[in-house]
Amino acid sequence: MMEWKMGKALKVLSLVLVSLALVFGTGIEADAKKKKKKIELTEEENALFDKWEVKPKKRAKTVKDMRKKPKYVGAVKCNGSCHDAYYQAWTKSPHGGTFNLLKPGERKEAKLRVKLDPEKDYTTTPLCLRCHTTGYRQKGGFKPAGSKSKKGKDTASKIDPEEPNKEQVGCEMCHAVAGGSQFRAVMKASKGNFTKAETEHYGQRWDYANVCTRCHTHDKTPFKPEVHDKYKFNFEERKLKVHKIADYWNEDNADQKLEKKDDRAKEVGQTEKTPLLIEDFKITDKGKLKFKKGTKPYNSKKKTFNYK
Ligand code: HEC
Ligand code: HEC
Ligand code: HEC
C-alpha cells in the first residue's frame with residue numbers, strides 16, 4: 001500500500017517537473033525569438049534620430065510606428081500633450097461639429113434646398129460619412145453605429161459628446177494622406193523639430209488649398225456652389241476660420257507653442273509643388289462606399305504617393 005502511494009507520488013512529481021520544464025523551456029525559446037527579431041534601423045532612420053536627439057532606447061519603438069501602414073488615430077490623440085489649443089479651438093469650429101449635421105432636424109432649410117429629408121437620420125449613411133467624419137472606410141477610421149466584425153462583435157466607434165473625435169472632420173482629414181499614425185510618431189520623437197519633407201515622407205500633407213476639395217466643391221457634395229452662393233469656396237478667406245487658436249492658449253499649454261512653425265513656412269513641401277490626388281468614390285449596389293481606382297493619394301502596397 002505504502003509503496004503504491006510512493007509510486008503515484010513520484011509519477012505526479014515527475015509530471016509536474018516535465019510540465020514546468022515545458023513551460024520554462026518554451027519561455028526561453030520565445031525570449032530567444034524576440035531577441036532575434038530585434039529591429040535594425042536603417043542609416044536614414046538613425047540619421048533622423050540623431051538629428052532629433054532621440055535616445056537609443058526609444059528608437060526601436062518609434063521606428064515600429066513609423067514603418068507600420070498608416071492609419072487614422074483621431075483628434076483626441078493629436079491633442080494628448082501636444083496640440084491642446086488647436087484641439088480646443090477645433091471642437092468649437094465648424095469641422096468639430098460636422099457629424100451633428102447628419103442628425104434629424106439639423107439645418108432643415110439647407111437639407112430641403114438640396115432635396116435631402118430633414119427628418120431622416122443620416123448618421124450611418126455611407127455617402128455622408130465620407131465628408132462628415134474622419135477616415136470612414138479606411139484603416140483606423142470612423143465606424144458608424146451598427147458596425148460589426150466578421151465574428152459579430154460590435155466595432156462601432158465610441159462617441160463622447162464631451163470629447164469630439166473620429167466622428168467629426170478631424171485633423172487628419174486635412175493634414176494626412178491616409179491617416180496620421182506614422183507622422184504622429186515623427187512629431188513626438190522630434191518634439192516638433194521636423195521639416196515639411198520629413199513628415200511628408202511619413203504621410204503628412206501640406207497641400208492645404210488642394211485638400212479642402214476632398215469635400216468642398218467636390219463632385220459628390222450635395223452643397224455645391226451652384227446651389228447657393230454660400231457654398232462658393234475661397235481658400236484664403238476660409239482658411240482664416242479653420243484654426244482660431246488665439247483664445248485657447250493658457251498656462252497649461254503655453255509650452256506647446258510651435259517653435260519651428262516659421263522655419264517650416266519658408267520651406268515648400270513636395271505636396272505643395274505637386275498636390276496629391278483627390279479621392280473620388282461611389283456607392284456600390286450594396287450601399288457601400290468604394291474609392292475609385294486611380295484616385296487614391298496613397299498606394300499602401302507600393303508605399304508610394306500619387307500626385308495629380
Ligand atoms: C463630398 C463631400 C460631402 C458629402 C458626400 C456630403 N457632404 Fe455635407 N457638406 C460638405 C461640405 C464641404 C459642407 C460645407 C459647405 C460649405 O459650407 O461651403 C457640407 C455641409 C453640410 C450641411 C450644412 C449645410 C448648410 O448650409 O448649413 C449639411 C446639413 C450636410 N452637409 C449634410 C449632409 C448629408 C445629410 C449628406 C449625405 C446625404 C452629406 N452632407 C454629404 C461635404 C459633403
Ligand atoms: C479643415 C482642415 C483642417 C482641420 C480639420 C485641421 N487643420 Fe490644422 N491646419 C489647417 C490649415 C489650412 C493650416 C495652415 C493655416 C493655419 O496655420 O491656420 C493648419 C495648420 C496647423 C498647424 C500648424 C502647422 C505648421 O507647422 O505650420 C497645426 C499644428 C495644426 N494645424 C494642427 C491641427 C490639429 C491638432 C487639428 C485637429 C484638432 C487640426 N489641425 C485640424 C487645416 C486643418
Ligand atoms: C472631410 C471633409 C472636409 C474637408 C477636407 C474640409 N472641410 Fe471645411 N467643411 C466641411 C463640412 C462638412 C463643413 C460644414 C460645417 C457646418 O456647416 O457647420 C465645413 C465647413 C467649413 C467652414 C465653415 C463655413 C462657414 O463659413 O461657416 C470653413 C471656413 C471651412 N469648412 C474651411 C475649410 C478649409 C479651408 C479646408 C481645407 C484646408 C476645409 N474646410 C476642408 C468638410 C470639410
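Atoms within a ligand are numbered from 1 in the order they appear, just like the ligands themselves. Each residue takes its place number in the sequence, starting with 1.
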### Query
Ion pair present between Asp280 and Lys220, side-chain N to carboxylate O less than 4.0 angstrom?
yes
### Query
Starting from atom 3 (C) of ligand 1, which protein heavy atom do you reach first, and at what distance in Å?
Cys131 SG, 2.7 Å
### Query
How close does the nearest protein non-hydrogen atom get to atom 6 (C) of ligand 1, and which residue and atom is it?
Pro222 CD, 3.5 Å
### Query
Does Arg264, backbone or side chain, put an N or O under 3.5 Å from an N or O of ligand 2?
yes
### Query
Hey, does the side chain of Glu163 reach the backbone of Asp160 with a donor-acceptor pair shorter than 3.5 angstrom?
no
### Message
Below 30° counts as parallel, above 60° as perpendicular, anything between as tilted: where do the rings of Phe305 and Tyr307 land?
### Response
tilted
### Task
Answer yes or no: is there an ion pair linking Lys191 with Glu53, defined by an N-O contact shorter than 4.0 Å?
no
### Query
So which protein heavy atom does atom 22 (C) of ligand 3 come closest to, and at what separation?
Arg238 NH1, 3.7 Å
### Aromatic ring proximity His216/Phe233, centre distance under 6.0 Å
yes
### Message
I'd like to know if Glu237 contacts ligand 3, where contact means a heavy-atom distance under 4.0 Å to any ligand atom.
### Response
no
### Query
Do Phe142 and Leu129 pass the side-chain contact (heavy atoms from CB on, under 4.5 Å) test, and can you show the C-alpha distance, the side-chain angles, and the key distance before you say yes or no?
CA-CA 8 Å; Phe142 176 74; Leu129 294 175; 4.0 Å; yes
#### Entry: Contact atoms of ligand 3, heavy-atom distance to Lys241 under 4.0 Å
26 (O), 29 (C)
## Note on the structure
For Glu279 and Val177, the nearest pair of non-hydrogen atoms, with its separation, is OE2-O, 4.4 Å
### Task
Kindly determine whether Arg59 and Glu45 satisfy side-chain contact (heavy atoms from CB on, under 4.5 Å), including the steps that lead there.
CA-CA 9 Å; Arg59 295 188 178 193; Glu45 285 161 350; over 6 Å; no
### Query
According to a 4.5 Å side-chain heavy-atom criterion applied to Ile, Leu, Val, Met, Phe, Trp and Tyr, with indirect links allowed, do Val211 and Leu276 form part of one hydrophobic cluster?
no
#### Entry: Protein heavy atom at shortest distance from atom 33 (C) of ligand 3
His95 CE1, 3.5 Å
## Note on the structure
In ligand 1, the atoms that come under 4.0 Å of a heavy atom of Leu102 are 32 (C), 33 (C), 34 (C), 35 (C)
### Task
Would you mind checking which non-hydrogen protein atom is closest to atom 29 (C) of ligand 1, with the distance to 0.1 Å?
Lys111 CE, 3.7 Å
### Task
For atom 32 (C) of ligand 2, grab the closest protein heavy atom and report residue, atom and distance to one decimal in Å.
Tyr86 CD2, 3.5 Å
### Message
Please list the nearest protein heavy atom to atom 37 (C) of ligand 1 with its residue and the distance rounded to 0.1 Å.
### Response
Cys128 SG, 1.8 Å
### Message
I'd like to know whether ligand 2 has Met173 as a neighbour, heavy-atom separation below 4.0 Å.
### Response
no
### Summary
protein heavy-atom neighbour closest to atom 10 (C) of ligand 1 works out as Thr221 OG1, 3.7 Å
### Task
Looking only at distances, please establish whether an N/O atom of ligand 1 is found under 3.5 Å from an N/O atom of Arg214.
no
#### Entry: NE2 (His175) - atom 8 (Fe) of ligand 2 - NE2 (His243) angle, nearest 10°
170°
### Message
Please list the nearest protein heavy atom to atom 30 (C) of ligand 1 with its residue and the distance rounded to 0.1 Å.
### Response
Phe223 CE1, 3.1 Å
### Task
Check each atom of ligand 3 against the heavy atoms of Tyr208 and keep those under 4.0 Å away; list them by number with element.
37 (C), 38 (C)
### Message
So that I can tick it off, tell me whether Lys51 and Glu198 are bridged by a salt bridge, with the cut-off set at under 4.0 angstrom between side-chain N and carboxylate O.
### Response
yes
#### Entry: atom 23 (C) of ligand 3: the protein heavy-atom neighbour that sits closest, reported with distance to 0.1 Å
Pro94 CG, 3.3 Å
### Task
Any atoms of ligand 1 less than 4.0 Å from a non-hydrogen atom of Leu116? List them with their elements.
34 (C), 35 (C), 38 (C)
### Message
Under a 3.5 Å distance rule, please check whether Thr274 uses its side chain to pair with a backbone N or O of Thr271 as donor and acceptor.
### Response
no
### Mode of Lys115 contact toward ligand 1 - side chain, backbone, both, neither (heavy atoms, under 4.0 Å)
neither
### Message
Only heavy atoms of Ala110, strictly under 4.0 Å: list the atoms of ligand 1 that pass.
### Response
24 (C), 25 (C), 26 (O), 27 (O)
### Message
Check Lys266 with Asp262, please: is the shortest side-chain N to carboxylate O separation under 4.0 Å?
### Response
no
### Summary
Residue, atom and distance of the protein heavy atom nearest atom 27 (O) of ligand 2 read Lys261 CG, 3.4 Å
### Task
Evaluate the criterion side-chain contact (heavy atoms from CB on, under 4.5 Å) for residue pair Lys77 and Arg184; output intermediate values, then yes/no.
CA-CA 9 Å; Lys77 282 256 162 72; Arg184 179 169 176 262; 3.4 Å; yes
### Query
Considering only heavy atoms of Cys215, which atoms of ligand 3 have at least one such atom less than 4.0 Å away?
1 (C), 2 (C), 3 (C), 4 (C), 5 (C), 42 (C), 43 (C)
### Test of ring centre spacing under 6.0 Å for His175 and Tyr208
yes
### Query
So is there a nitrogen or oxygen of Arg130 less than 3.5 Å from a nitrogen or oxygen in ligand 3?
no
### atom 8 (Fe) of ligand 3 to nearest N/O/S of Cys212 below 2.8 Å
no
### Message
Regarding Glu106 and Lys103, does a basic nitrogen lie under 4.0 Å from an acidic carboxylate oxygen?
### Response
no
### Residue portion contacting ligand 2 (non-hydrogen atoms closer than 4.0 Å) for Asn79
neither
### Task
Give yes if a backbone or side-chain nitrogen or oxygen of His216 is under 3.5 Å from a nitrogen or oxygen of ligand 3, and no if not.
yes
### Message
Using a plain distance cutoff, I'd like to know if His132 has any nitrogen or oxygen under 3.5 Å from a nitrogen or oxygen of ligand 3.
### Response
no
### Query
At a 4.0 Å threshold, what atoms of ligand 3 neighbour a non-hydrogen atom of Arg107?
16 (C), 17 (O), 18 (O)
### Query
Identify the closest protein heavy atom to atom 42 (C) of ligand 2: which residue and atom is it, and at what distance?
Val242 CG1, 3.6 Å
### Summary
Quick note on ligand 2: atoms under 4.0 Å from a heavy atom of Tyr87 include exactly 38 (C)
#### Entry: Atoms in ligand 2 with a heavy atom of Cys174 nearer than 4.0 Å
1 (C), 2 (C), 3 (C), 4 (C), 5 (C), 42 (C), 43 (C)
### Message
I'd like to check which ligand 1 atoms, numbered from 1 as shown, lie under 4.0 Å from a non-hydrogen atom of Lys220.
### Response
1 (C), 5 (C)
#### Entry: Shortest protein contact, atom 5 (C) of ligand 1 (heavy atom only)
Leu127 O, 3.2 Å
### Query
So, do Arg264 and Thr195 sit near enough that their side-chain heavy atoms are less than 4.5 Å apart?
no
### Query
Which ligand 3 atoms are under 4.0 Å away from a heavy-atom of Thr98?
11 (C), 12 (C)
### Message
In the complex you have, is atom 13 (C) of ligand 1 within reach of the protein, judged by whether a heavy-atom distance drops under 4.0 Å?
### Response
no
### Task
Would you indicate whether the side-chain heavy atoms of Tyr87 and Val76 approach each other to under 4.5 Å?
yes
#### Entry: Atom indices of ligand 2, in the order listed, that fall short of 4.0 Å to a heavy atom of Gly170
5 (C)
### Query
If you measure from each heavy atom of Trp206 to ligand 2, is any distance below 4.0 Å?
yes
### Task
Would you mind running through ligand 3 and noting each atom that sits below 4.0 Å from a heavy atom of Val211?
5 (C)
#### Entry: Nearest neighbour in protein (non-hydrogen) for atom 36 (C) of ligand 2
Cys171 SG, 2.8 Å
### Summary
The closest protein heavy-atom partner of atom 24 (C) of ligand 1 is Tyr231 OH, 3.6 Å
